[in-house]
Amino acid sequence: MAEKYNYLTYQGHPLVCRGNTMIYGNIADPYYVQFTVQGVDKIESAAISGNIQIALMQGMRVLKTAEREGMYNAMDIAEFWLKDAMEE
């Protein structure tokens, strides 16, 4: 029997992290977004993501790329790109 996993979701799409790479959306869908954390800033004892490279993917093909400062800004553009791509 296949195992069922509970993933962290944002706006109804799964968000999976491994190392410095995060995938937003389901890779079985036609489009998903890949984040790559380029740097980490230390504030006291917390690690805060710095620059994040964003790529809208179709399978293994990169359709769009951008770079934003901080996860909030990266998620903002990723949500827009994913929603726009899924509506086509």
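We count residues from 1, following the sequence as given.
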Parallel, tilted or perpendicular, as decided by the 30° and 60° cut-offs, for the rings of Tyr24 and His13: perpendicular

Hydrophobic cluster membership, Ile77 vs Met86, 4.5 Å side-chain cutoff: yes

Passing candidate, side-chain contact (heavy atoms from CB on, under 4.5 Å) with Gln34, options Gln53, Met22, Met57: Met57

Minimum heavy-atom distance between Thr9 and Pro14, given as atom pair plus value: CG2-CA, 4.1 Å

Same apolar cluster: Val37 and Leu8, side chain cutoff 4.5 Å: yes

Heavy-atom closest contact (Met75 atom, Phe35 atom, distance): SD-CZ, 3.4 Å

Between CG on residue Asn26 and CG on residue Leu82, distance to nearest 0.5 Å: 10.5 Å

Shared hydrophobic cluster, Tyr31 / Leu15 (ILVMFWY, side-chain heavy atoms < 4.5 Å): yes

Closest heavy-atom pair and its distance - Leu56, Ala85: CD2-CB, 4.2 Å

Sequence neighbours excluded and cut-off under 3.5 Å, please list the side-chain donor-acceptor pairs for residues 60-68, or say none.
| unit_1 | atom_1 | unit_2 | atom_2 | d |
| --- | --- | --- | --- | --- |
| Arg61 | NH2 | Gln58 | OE1 | 3.0 |
| Glu67 | OE2 | Asn51 | ND2 | 3.4 |

CD1-CG distance between Ile54 and Asp76, expressed to the nearest 0.5 angstrom: 9.5 Å

Any donor-acceptor pair under 3.5 Å from Asp84 side chain to Phe80 backbone: no

Same apolar cluster: Tyr10 and Ile23, side chain cutoff 4.5 Å: no

